[in-house]
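Predicted model, so just to flag it, every value in this text is computed and none were measured. Numbers here simply count residues along the sequence, with the first being 1.
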Amino acid sequence: MKKLFVMLLTLTLITTSFSGCGGKNKTKSGREISPSGSSDSSEVVRTDPNQDTANDTEVLDEGTIASLDEIRNKLLASDYEISDLEDLQKEFAVNLVDGFNFEKDGKQSLIMEFATPNDSKAYADFVNESGYNVPILNGRFLTFVEATKGIITDLEMQAELEELMDAKALIQEQWSDTTEVSTSTTDYKGAYDLMQNITKSMNTLLDQALAKNNNKYPKDDPQSTHRVFSFMLGSIPIALTSQFCEDEAMLEAIVMVADMMGLSDAKATRNGAHDYTLTAIKTRKQQPYEINAVYDPSSGGLRMVEKTDGEVTEFYEFIPLGSDQYAFQTNTERAIVGYKDGKTLSFVYTKINTKDEKYSSKSDSIYPSGSDANNEWVTAKGEDQYEQYFYFDGENIKINVDAFGERIKRQIPS
């Protein structure tokens with residue numbers, strides 16, 4: 001339930017284009033504060049009575065804000081425009097009392113009032129877990145500032161909202177979206193989960209480094225990385241295979257997801273041990289669609305091949321090489337990653353230029369053993385010949401990318 005809530009919350013905040021952040025409670029003497037749960041706004045909304053909230057034994061500070069009107073008046077005095085919360089913004093908020101959006105000069109956020117400080121703290125914790133916003137919390141009242149995987153990306157907005165809320169942003173010491181996943185796998189699903197954890201760890205490390213660097217250097221600075229964007233080893237087709245395993249009952253989940261993705265007549269089949277196929281029709285052009293996914297118990301590697309109308313449109317290979325090293329290959333990417341205990345130790349990654357010939361699912365395949373896959377295999381063309389080149393040595397990240405026709409070369413700390 002918690003993970004679903006975070007996913008939906010993230011979608012809500014992104015869809016409505018409102019940023020967020022949070023902070024620790026402060027107390028001030030000589031201030032009259034509304035009783036917990038009271039408000040001159042609308043009645044409490046309970047959208048999910050089964051959702052866990054803060055620890056019942058913990059009594060949180062009521063804070064230093066007397067009412068929602070107090071915040072509203074400050075914002076109006078600073079020339080902010082105020083608008084009502086959208087229904088989608090209220091959808092996952094438990095015990096929400098009231099709130100509003102505010103905007104000025106393209107900067108946006110929202111204020112939410114909850115029934116109790118415990119309710120607002122519970123919501124703040126979920127926001128923090130998403131990584132896309134950081135909450136600022138004062139008693140029952142909550143706002144957000146935009147973040148990239150736990151790193152606040154607008155320091156001026158952070159300072160302004162902290163002053164408004166009389167509180168500090170609840171910045172997590174080390175945000176992570178990885179989970180505890182075994183590196184010893186016995187089936188396709190286990191290998192997929194490990195692969196997913198490694199790619200999450202890689203992307204989080206890079207995204208956080210870029211966000212910190214961009215906070216330090218403005219867009220016109222030679223050390224800026226504002227124009228560097230990457231999503232390493234991401235794939236929609238590979239995501240469709242996440243539930244393939246030897247339990248055939250799990251295949252029904254794949255059919256349900258395929259239907260949600262706009263595929264009709266979907267059917268998932270276990271062809272034999274560690275060999276699976278998803279067939280369907282792409283509804284828009286009525287094209288036959290197929291994904292074949294296999295797992296090799298001896299190497300722990302997996303391979304996915306997607307075909308549309310009989311032609312290979314994407315493939316994905318993930319091979320453990322031993323000694324905490326892992327090889328990745330898609331039709332446009334290659335990588336060697338050092339990974340241990342849930343953390344990325346090192347990686348070298350390249351993505352070929354769009355004009356270059358893509359890697360072949362047949363002649364370039366490294367499945368199942370990963371033989372010949374090493375750093376030189378990843379960078380065979382030379383750094384400057386790739387659309388994207390990233391090299392992480394455990395401390396710094398070397399960047400060499402083509403950003404909209406401009407070659408950007410930087411080295412930044414991780």
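Listed by chain and residue number, F347 satisfy the ring pair (Phe, Tyr, Trp, His ring centres under 6.0 Å) test with F392 (two or more places apart in sequence, or in another chain). Not counting sequence neighbours, Y386 has no partner by the ring pair (Phe, Tyr, Trp, His ring centres under 6.0 Å) test. Every residue meeting the ring pair (Phe, Tyr, Trp, His ring centres under 6.0 Å) condition with Y295, not counting sequence neighbours, appears here in chain and number order: H274. Listed by chain and residue number, F318 satisfy the ring pair (Phe, Tyr, Trp, His ring centres under 6.0 Å) test with Y326 (two or more places apart in sequence, or in another chain).
For residues 404-414, the set of pairs meeting the salt bridge (Lys or Arg N to Asp or Glu O under 4.0 Å) definition, not counting sequence neighbours, comprises R227-E406, D384-K409. The salt bridge (Lys or Arg N to Asp or Glu O under 4.0 Å) analysis of residues 183-201, with sequence neighbours excluded, yields the pairs K189-D193.
Comment: R140 engages E62 in a salt bridge, judged by a side-chain N to carboxylate O separation of less than 4.0 angstrom. A salt bridge does not link E160 to K107: none of the charged side-chain nitrogens sits closer than 4.0 Å to a carboxylate oxygen. Between R303 and E317, at least one side-chain N (NZ, or NE/NH1/NH2) sits under 4.0 Å from a carboxylate O, which counts as a salt bridge. Classification of K149 and D207 as a salt-bridged pair holds, one side-chain N sitting under 4.0 Å from a carboxylate O.
Under the 6.0 Å distance and 45° angle rule, K398 does not count as a cation-pi partner of Y391.
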I would like to know whether F92 and F126 meet side-chain contact (heavy atoms from CB on, under 4.5 Å); could you show each step before the answer?
-> CA-CA 10 Å; F92 312 106; F126 287 123; over 6 Å; no
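The distance from atom CG of L233 to atom CG of N203, rounded to the nearest 0.5 Å, is 7.0 Å. Expressed to the nearest 0.5 Å, how far CD of Q223 lies from CG of N213 amounts to 5.0 Å. N133 contributes atom CG, which lies 8.5 Å from atom CG of L110 (distance to the nearest 0.5 angstrom).
Other residues, nucleotides and ligands contribute over 12 non-hydrogen atoms within 6.0 Å of the CG atom of D364.
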